[in-house]
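Treat the numbers as computed from the prediction; the structure is a model and nothing was measured. Along the sequence shown, residues carry numbers from 1.
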Amino acid sequence: MTTDAADATPTPAQIKWLHRGLGQAGGKLPLFDETGRRVSSRMVRSCIDRGWAEPWFANPLMPNWLVCRLTDTGRRLLVESAADAQLRS
């Protein structure tokens with residue numbers, strides 16, 4: 001079930017994770033955080049449900065891991081949240 005992205009407010013953790021896809025080829029989102037811990041599958045699924053991320057391809061070495069990329073909707077969300085942050089500062 002997909003939730004309309006316009007109705008959802010991302011958490012700081014979601015924004016941070018999605019932002020990491022901006023500098024990656026194809027918008028690839030990381031499987032691990034900056035400290036080497038695996039990113040929460042619940043957060044990944046939530047971002048997919050809201051249309052901010054999408055599954056990219058199956059990982060043959062770890063089939064239960066979702067390899068995702070940033071969507072255009074996710075990119076717009078990051079631009080809008082950056083603009084909102086600038087307005088508030």
Side-chain angles (χ1 to χ4, degrees):
M1 180 173 152
T2 302
T3 304
D4 185 26
D7 294 336
T9 302
T11 66
Q14 289 171 326
I15 290 174
K16 186 176 181 180
W17 181 67
L18 292 167
H19 191 268
R20 291 182 64 201
L22 289 175
Q24 297 299 314
K28 182 184 178 292
L29 292 162
L31 296 172
F32 300 93
D33 67 14
E34 297 87 356
T35 64
R37 295 176 77 191
R38 188 164 169 215
V39 174
S40 162
S41 60
R42 184 174 177 210
M43 181 184 69
V44 172
R45 292 255 180 227
S46 176
C47 289
I48 291 170
D49 288 346
R50 288 170 172 78
W52 304 329
E54 64 186 358
W56 195 359
F57 60 86
N59 183 342
L61 299 176
M62 299 300 285
N64 60 331
W65 289 7
L66 276 173
V67 179
C68 295
R69 67 178 167 187
L70 195 57
T71 63
D72 289 338
T73 301
R75 289 178 195 279
R76 280 192 300 276
L77 171 80
L78 294 172
V79 168
E80 291 168 5
S81 63
D84 287 346
Q86 285 182 342
L87 289 173
R88 285 186 232 146
S89 59

Which residues pass the ring pair (Phe, Tyr, Trp, His ring centres under 6.0 Å) test with Phe32, not counting sequence neighbours?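 Phe32 satisfies ring pair (Phe, Tyr, Trp, His ring centres under 6.0 Å) with Trp65 once adjacent residues are dropped.
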
Show the nearest heavy-atom pair for residues Ala8 and Trp52, with the distance to one decimal.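 In this case the closest contact between Ala8 and Trp52 is CB-CZ2, 3.8 Å.
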
Identify the two heavy atoms, one from Ala53 and one from Thr71, that lie closest to each other, and give their separation to 0.1 Å.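 Ala53 and Thr71 have their closest heavy atoms at C-CG2, 3.6 Å.
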
Starting from Leu18, can I reach Val67 by hopping between I/L/V/M/F/W/Y residues whose side chains sit under 4.5 Å apart?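 No, no single cluster joins them.
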
Say whether Met43 and Leu70 are linked into one hydrophobic cluster, either directly or through other cluster members, by side-chain heavy-atom distances under 4.5 angstrom.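 They do share one cluster, since a chain of ILVMFWY contacts under 4.5 Å joins Met43 to Leu70.
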
Listed by chain and number, what are the side chain to side chain contact (heavy atoms under 4.5 Å, CB included) partners of [X], not counting sequence neighbours?
| X | result |
| --- | --- |
| Val44 | Trp17, Val39, Ile48, Leu66, Cys68 |
| Thr11 | Ala13, Gln14 |
| Ala58 | none |

Got a second to check how far [X]'s [atom1] is from [Y]'s [atom2], nearest 0.5 Å?
| X | Y | atom1 | atom2 | result |
| --- | --- | --- | --- | --- |
| Leu78 | Thr73 | CG | OG1 | 11.0 Å |
| Arg75 | His19 | CZ | NE2 | 11.0 Å |
| Ser41 | Leu31 | OG | CG | 11.5 Å |

Does some side-chain heavy atom of Ser46 sit less than 4.5 Å from a side-chain heavy atom of Arg42?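 Contact flag for Arg42/Ser46 side chains = no.
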
Just grab all the salt bridge (charged side-chain N to carboxylate O under 4.0 Å, His left out) pairs involving residues 27-39, residues at least two apart or on different chains.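 Applying salt bridge (charged side-chain N to carboxylate O under 4.0 Å, His left out) to every pair that reaches into residues 27-39, excluding sequence neighbours, yields Lys16-Glu34, Arg20-Glu34.
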
Mind jotting down which residue pairs meet the salt bridge (charged side-chain N to carboxylate O under 4.0 Å, His left out) criterion with at least one end in residues 60-69? Sequence neighbours excluded, please.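 Sorted result for residues 60-69: Glu54-Arg69.
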
Among all residues two or more places apart in sequence or in another chain, which pass the side-chain hydrogen bond (donor to acceptor under 3.5 Å, both in side chains) test with Arg45?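 side-chain hydrogen bond (donor to acceptor under 3.5 Å, both in side chains) check on Arg45 returns nothing, list empty.
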
Walk me through whether Met62 and Asn64 qualify under side chain to side chain contact (heavy atoms under 4.5 Å, CB included). CA-CA 6 Å; Met62 299 300 285; Asn64 60 331; 4.2 Å; yes

